[in-house]
Amino acid sequence: MKSMRHLQRGQGMTEYIIIVAMIAIAAIAVYQYFGQTVRNQTAAIAQELAGNDGTGAKTAAQTASGQAVTVGDTRNTLDDYVNQKGK
């Protein structure tokens with residue numbers, strides 16, 4: 001009877017580890033997807049926490065955000081990626 005409970009505990013722990021790993025992978029993907037904006041915002045927060053002025057990093061985050069919107073507004077086709085547009 002004890003061995004059955006031990007196996008169930010192991011299964012629960014394995015499921016927990018898988019869920020935590022999936023959350024970590026998703027967080028990394030989101031962080032990379034939002035890219036420079038998140039990095040600059042994180043830098044601004046770190047500067048402010050250190051007692052320094054984080055205005056420069058905040059401005060850089062706003063600039064990166066504007067650039068991301070501009071890039072996101074363009075519609076690309078496969079021709080754009082293989083330099084065949086207009087041929």
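For the side-chain contact (heavy atoms from CB on, under 4.5 Å) with I23, the lone residue among V20, I25, I19 that qualifies is I19.
Not counting sequence neighbours, the partners of T55 by the side chain to side chain donor-acceptor pair (under 3.5 Å) test are D53. Evaluation of the side-chain contact (heavy atoms from CB on, under 4.5 Å) rule for A60 yields N40 as partners, not counting sequence neighbours. Every side-chain contact (heavy atoms from CB on, under 4.5 Å) that I18 has, sequence neighbours left out, goes to T14, M22. Every residue two or more places apart in sequence or in another chain was checked for a side chain to side chain donor-acceptor pair (under 3.5 Å) with Q62, and none qualifies.
Members clustered with I45: L49, by chain and number, using a 4.5 Å side-chain heavy-atom cutoff among hydrophobic residues.
Residues K58 and A44 share a closest heavy-atom pair of N-CB, 3.8 Å.
Contact check for E48 versus N52: no side-chain heavy atoms found under the 4.5 Å cut-off.
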